[in-house]
Amino acid sequence: MRIFLVAVIILVNFILQTTVLPYISIAGALPHTGLSIVVSFALLRGSTEGAVTGFFTGMLLDIFFGMSVGYYALLFLLMGLVIGHSQKEFYRENYLLPIIFCLLATLVFESINFATGLLSQGEAHVVYFLLRMVLPEMLYTAVFTIPIYRFLFGINDWLELKEKYKYRLF
């Protein structure tokens with residue numbers, strides 16, 4: 001049941017991110033909801049599920065928009081793995097933590113894309129990149145992280161409760 005729900009969440013997110021969210025962009029910045037989902041699953045379920053969720057979220061981006069298969073999948077997998085290691089040290093009810101991790105993950109993700117894409121072409125306008133591209137996307141993604149994390153937190157609690165009483169006889 002958990003695998004099916006995670007797959008549906010990833011697929012619905014991909015459809016919404018590629019069809020609806022471009023219409024609500026602010027100053028050319030789009031919220032990166034796939035990154036918010038990977039951060040949320042990594043914080044809620046740990047590094048293994050964060051990495052698996054990140055891999056499949058990134059693989060969808062690679063298949064449809066990537067120049068090479070595996071680039072985004074590897075980035076998202078590593079983000080889910082690294083962020084998931086901090087899962088046991090913090091309270092899941094804390095809503096500030098996903099926002100902070102999502103801000104950092106967006107900064108790292110966009111910096112790696114900048115380093116591999118624009119710097120290889122000889123473009124190195126770092127200040128413009130940080131102020132005009134990364135900062136608006138970080139803030140927009142952080143705003144979208146709050147409802148996404150709350151939704152996934154509720155689904156996770158429901159699934160954990162269901163798994164807890166699965167084998168219990170009344």
OH/Tyr95: more than 12 non-hydrogen atoms of other groups inside 6.0 Å: yes
is_close_aromatic(Phe76, Phe109), centroid dist under 6.0 Å: yes
Within 6.0 Å of CD1 in Ile24, more than 12 heavy atoms from elsewhere: yes
is_close_aromatic(Phe64, Phe14), centroid dist under 6.0 Å: yes
Neighbour count above 12 (heavy atom, 6.0 Å) for Phe56 CZ: no
In one Ile/Leu/Val/Met/Phe/Trp/Tyr side-chain cluster, 4.5 Å: Leu35, Val12: no
Ion pair check, Glu137 and Arg132, cut-off under 4.0 Å: no
Shared hydrophobic cluster, Phe65 / Ile112 (ILVMFWY, side-chain heavy atoms < 4.5 Å): yes
Non-hydrogen side-chain atoms of Met67 and Asp62 separated by less than 4.5 Å: no
Leu16/Thr33 under side chain to side chain contact (heavy atoms under 4.5 Å, CB included): CA gap, chis, key distance, verdict: CA-CA 9 Å; Leu16 289 176; Thr33 55; over 6 Å; no
Nearest non-hydrogen partners of Ala105 and Ile83, listed with the distance: CB-CD1, 4.1 Å
Test log, rule side-chain hydrogen bond (donor to acceptor under 3.5 Å, both in side chains), inputs Ser25 and Tyr140: CA-CA 9 Å; Ser25 67; Tyr140 208 19; over 6 Å; no
Minimum side-chain heavy-atom gap Leu130-Leu135 below 4.5 Å: no
Distance-only side-chain donor-acceptor flag, Thr57 / Tyr72, under 3.5 Å: no
Over all atoms of both residues, closest heavy-atom pair of Ala73 and Met59: CB-N, 3.8 Å
Derivation and outcome, side chain to side chain contact (heavy atoms under 4.5 Å, CB included), residues Val6 and Ile10: CA-CA 6 Å; Val6 171; Ile10 291 172; 3.9 Å; yes
Tyr71 to Thr116 - nearest heavy-atom pair and separation: OH-OG1, 2.7 Å
Leu103 versus Met138, closest heavy-atom pair with distance: CD2-O, 3.3 Å
